[in-house]
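Hydrogens, waters and symmetry mates are skipped; everything else that's a heavy atom, side chains included, is used. First listed ligand is number 1; within each ligand, the first listed atom is number 1.
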Amino acid sequence: MSRGMSKCRITNTAPAAREPGATTFGDYASSSRGSSEPNAMAPAIIEKIKDHPCFSREAHLYFARMHLAVAPACNIQCNYCNRKYDCANESRPGVASRRLTPDQALRRTMAVASEVPQLSVVGIAGPGDACYDWKKTKATLIRIAREIPDVKLCISTNGLALPEHVDELVDMNVGHVTITINMVDPKIGTKIYPWIFYDGRRYNGIDASRILHERQMLGLEMLTGRGILTKVNSVMIPGVNDEHLIEVNKWVKDRGAFMHNVMPLISEPSHGTFYGLNGQRCPGPYELNALRDRLEGDTKVMRHCRQCRADAVGLLSDDRAHEFTRFQLPVEATYESGKRHAYRQLIERERRGQTLEARDAASPISAPSDGPVLIAVTTRGEGRVNEHFGHAPEIQIFSVCQKGIGLVGHLNIDPYCLSGWGEETTLNTIIGALEGVNFLLCFQIGNSPRDKLARRGVRATGAYGGSYIEQAIDALYSAMLHDEALAAAT
Ligand code: CLF
Ligand code: SF4
């Protein structure tokens, strides 16, 4: 397999239409074609999600999270996990993060907060379980809240040790918690969890899954009751829990989960997991898409998760963890708030501008359309078409139809252009992965790749370079409909 082939994987997929529950002003403005009112959402909820890159799809265009890998211990075994690596409930399996002490974590956070203006959330997502390795999690969060009080705090957990820490989470002002819930039927749980460690002893089989299930539900209810916003992650495991996740969705919705994030199982023999070694297959993009479509309802379905590592830093689309390793940390912890504050003011102005422009662009369109159009975009962030095709390490894929614009997924790719030379094998891999895509919007593209893409049915253009992504898609789609209407009239 070529280098390009190995990296070219759609990590997330979504349906044609936008998320029904997406209601921050930017979400509404940028993707609701022909709609006159955003869906209702309490102002307090909007306030909680508007700067959180995971809880609001729109926020991930502007705001960054950082993870602190302070919690290596775990109290359960998942069949898709190899403990050499990060907790696979949020991270891509096979990725290992450097562990930090709480003091190192604080220094890292202050360095990142001084340098990364987009930083809005600090999370603990392993590399084991944040609630089981509680002393380190708590010591870290307390230090950060003391030094950078305006940053949001977030944790991710398997839920087993969650209930006993809910009060402390409230006291520490942790506003967002993710619980990984893969089943609500312990019989299905036996296929996912061989054992758990609870209350000083180890449980196997159905007892293990029953206890885990009860603790997860209790923890979720307690968080909802205490006003902490919750997201449920579920790993989709074909033939094990794929159909069952519909039931999981109902349970978590009934218990107040704000968002459901169904992630694809990533299972390779080289990861050394039970599933990987036993040939458990992963879901294809279309299966994942179809399942997410069926989950749409009162609970928002997340579609922009990157399964980030336990030491990730930066925008979801631009990991900067390598700039802030343990060895690059300053000896003295200092925090300069200037960049973050200036950036926030800028974004407030940008959002206001985008809203007005996008509202204008979102006027109703009466021309017919045959169904969703798939549009690939290269971006460096800020929600704009601002990356040269040849330099892009990632391609975002959107679909657009009369109902709206939706993020379909991300393609991780090797950049095609290296030191001015186009790498043909890489280009062929990218073109193969764009099968079914109708358009490619990029900042610039050379004649050769543009012609090759055209021969495979992908029309590439730099005409929208610099524009906001969703405005560009909207304009392109409107032009298509206009052309269709003209063709029909002549
Ligand atoms: Fe981290 Fe998770 Fe908090 Fe986000 S990540 S602890 S909720 S701040 Fe986000 Fe990364 Fe997906 Fe997680 S994209 S893996 S959902
Ligand atoms: Fe691994 Fe996370 Fe499961 Fe623990 S909870 S076994 S670290 S995937």
**Q** Taking the cut-offs as 6.0 angstrom to the six-membered ring centre and 45 degrees off its axis, would you call Arg108 and Phe324 a cation-pi pair?
**A** no
**Q** With heavy atoms of Val121 as the reference, note each atom of ligand 1 found under 4.0 Å away.
**A** 8 (S)
**Q** Assess, by modelled atom type and distance only, whether the side chains of Arg340 and Gln118 contain a donor and an acceptor separated by less than 3.5 Å.
**A** no
**Q** So which bit of His52 gets within less than 4.0 Å of ligand 1, heavy atoms only: side chain, backbone, both or neither?
**A** side chain
**Q** Strictly under 2.8 Å, is atom 11 (Fe) of ligand 1 approached by any N, O or S atom of Cys308?
**A** no
**Q** Given Arg306, Met66, Lys231, which one has a non-hydrogen atom that is nearest to atom 15 (S) of ligand 1?
**A**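 Looking at heavy atoms only, Lys231 sits closest to atom 15 (S) of ligand 1.
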**Q** For atom 2 (Fe) of ligand 2, find the nearest protein heavy atom and state the residue, atom name and distance (0.1 Å precision).
**A**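 Sorting protein heavy atoms by distance from atom 2 (Fe) of ligand 2 puts Cys87 SG, 2.2 Å first.
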**Q** Quick one: do the Asn182 and Ser234 side chains pair a donor with an acceptor below 3.5 Å?
**A** no
**Q** Check whether any side-chain N or O of His304 sits under 3.5 Å from a backbone N or O of Leu61 as a donor-acceptor pair, and report yes or no.
**A** no
**Q** Just to confirm my output: which protein heavy-atom neighbour is closest to atom 2 (Fe) of ligand 1, and how far is it?
**A** Glu90 OE1, 2.6 Å
**Q** Answer with yes or no whether Ile76 contacts ligand 2, where contact means a heavy atom under 4.0 Å from a ligand atom.
**A**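 The answer is yes: ligand 2 sits under 4.0 Å from a heavy atom of Ile76.
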**Q** Could you pull out, from Ser156, Gly123, Cys154, Cys305, the option with a heavy atom nearest to atom 11 (Fe) of ligand 1?
**A**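 The nearest heavy atom belongs to Cys305.
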**Q** Over 60° means perpendicular and under 30° means parallel, so classify the ring planes of Tyr132 and Phe197, tilted if in between.
**A** perpendicular
**Q** Check whether Thr190 reaches the backbone of Gly205 with its side chain - one donor and one acceptor, N or O, closer than 3.5 Å.
**A** no
**Q** Mind checking whether atom 3 (Fe) of ligand 2 has an N, O or S of Cys78 under 2.8 Å?
**A** yes
**Q** Identify, for atom 8 (S) of ligand 2, the protein heavy atom at the shortest distance, and state residue, atom and that distance.
**A**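 Here the nearest protein heavy atom works out to Ala88 N, 3.3 Å.
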**Q** Less than 4.0 angstrom from a charged side-chain N to a carboxylate O is my criterion; do Arg380 and Glu394 meet it?
**A**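 Salt bridge: no.
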**Q** So is His176 close enough to ligand 1, meaning a heavy atom under 4.0 angstrom away?
**A**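 The answer is no: ligand 1 sits nowhere under 4.0 Å from a heavy atom of His176.
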**Q** Using a 4.0 Å cutoff against the non-hydrogen atoms of Thr178, which atoms of ligand 1 qualify?
**A** 7 (S)
**Q** May I ask you to decide if the ring planes of His213 and Trp251 are parallel, tilted or perpendicular, using 30° and 60° as cut-offs?
**A** perpendicular
**Q** Among all protein heavy atoms, pick the one closest to atom 5 (S) of ligand 2 and tell me residue, atom and distance.
**A** Asn89 ND2, 3.1 Å
**Q** Numbering the atoms of ligand 1 from 1, which are under 4.0 Å from a heavy atom of Leu316?
**A** 13 (S)
**Q** Rounded to the nearest 0.5 Å, what separates atom CZ in Arg303 from atom CZ in Arg57?
**A**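 These two atoms lie 10.0 Å from each other.
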**Q** Just to be sure I'm reading this right: ignoring hydrogens, which of His67, Met302, Arg65 gets closest to atom 1 (Fe) of ligand 1? Compare them by their nearest heavy atoms.
**A** His67
**Q** Testing Thr180, Ile155, Asn75 for side-chain contact (heavy atoms from CB on, under 4.5 Å) with Asp129, which one passes?
**A**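 Passing option: Asn75.
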**Q** Which atoms of ligand 2 have any heavy atom of Cys81 under 4.0 Å away?
**A**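 This gives 1 (Fe), 6 (S), 7 (S), 8 (S) as the contact atoms.
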**Q** Can you see whether Trp134 engages Glu164 through a side-chain donor-acceptor pair at a distance of less than 3.5 angstrom?
**A**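 No pair is found: no donor N or O on one side chain lies under 3.5 Å from an acceptor on the other.
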**Q** Of all the atoms in ligand 2, which lie at a distance below 4.0 Å from a heavy atom belonging to Asn158?
**A**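 Going through ligand 2 atom by atom, the ones under 4.0 Å from Asn158 are 5 (S).
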**Q** Just need the protein heavy atom nearest to atom 4 (Fe) of ligand 2, so name the residue and atom and give the distance.
**A**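 Atom 4 (Fe) of ligand 2 sits closest to the protein heavy atom Cys74 SG, 2.2 Å.
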**Q** Can you tell me which residue and heavy atom of the protein come closest to atom 4 (Fe) of ligand 1, and the distance to 0.1 Å?
**A** Cys54 SG, 2.3 Å
**Q** Any chance the side chains of Thr273 and Asn82 put a donor and an acceptor closer than 3.5 Å?
**A**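 Looking only at side-chain atoms, Asn82 and Thr273 do not form any donor-acceptor pair under 3.5 Å.
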